[in-house]
Amino acid sequence: MKKIEAIIRQERLQPVQDALDELGVSGLNVTEVMGCGRQKGYTEQYRGSRANISLLPKLKVESVVPDDVADKVVDAVVGAAYTGETGDGRVFVYDVVQSVRIRTGERGEESVRHETPVGWGY
């Protein structure tokens, strides 16, 4: 299993969700985060003083998926989050050792399969 973690622009959340829905990935966590990278932030005036705002609002979208669809999920996120501008974000992929669905006790990949989407070959 893989944990896909994407840091994206706030306005790109709906396209990312739509792209993941098409793959049958419906289990997501979305967190509001602040961060900086190459985008560097911006400078604004506050009570006559310049303030350098280096942390910008972003969203962190996380999902755990079976190994066999991880690359498709990454491609979908990248395609949906892309604007071509600095600050589009990043995608990180982590190995997940174990997952347990609390309600049913399912373990492993069965606990993260959401449905049987088109193209997964089940």
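In this chain, residues are counted from 1 in sequence order. Just so it is clear, the values below take in all heavy atoms, side chains as well, and ignore hydrogens, waters and symmetry mates.
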Would you please name every residue forming a salt bridge (Lys or Arg N to Asp or Glu O under 4.0 Å) with E85, sequence neighbours left out? none

Minimal non-hydrogen separation, [X] against [Y], with atom names:
X   : Y   : result
A6  : V77 : CB-CG1, 3.7 Å
P57 : M34 : CA-SD, 3.6 Å
V65 : A70 : CG2-CA, 3.9 Å

Any residue meeting side-chain contact (heavy atoms from CB on, under 4.5 Å) with [X], in chain and number order, not counting sequence neighbours:
X    : result
Q98  : V100, R107
E62  : K3, E5, N29, T31, K60
V78  : V74, V91
E106 : R101, T104, E110, S111

Single hit among V33, I7, L13, V16 for side chain to side chain contact (heavy atoms under 4.5 Å, CB included) with L59: L13

Pick from V112, V25, V30: which one makes a side chain to side chain contact (heavy atoms under 4.5 Å, CB included) with S63? V25

Cluster companions of I102 among Ile, Leu, Val, Met, Phe, Trp, Tyr (side-chain spacing under 4.5 Å): none

Check which hydrophobic residues are tied to V97 through side-chain heavy-atom contacts below 4.5 Å, counting indirect links as well, and list them. none

State, with a plain yes or no, whether a side-chain heavy atom of [X] is found less than 4.5 Å away from one of [Y].
X   : Y   : result
P66 : M1  : no
K58 : R9  : yes
V96 : K2  : no
V69 : L23 : no

Is it the case that over 12 heavy atoms from other parts of the model lie below 6.0 angstrom from the CG atom of D75? yes

Would you find more than 12 non-hydrogen atoms of other residues, nucleotides or ligands less than 6.0 Å from E32 atom CD? no

Go through the structure and list residues passing side chain to side chain donor-acceptor pair (under 3.5 Å) with Q14, not counting sequence neighbours. D18

Under 3.5 Å, is there a donor-acceptor pair between the side chain of D88 and the main chain of T83? yes

Please report the interatomic distance CG(L20) to OG(S26), rounded to the nearest 0.5 Å. 9.5 Å

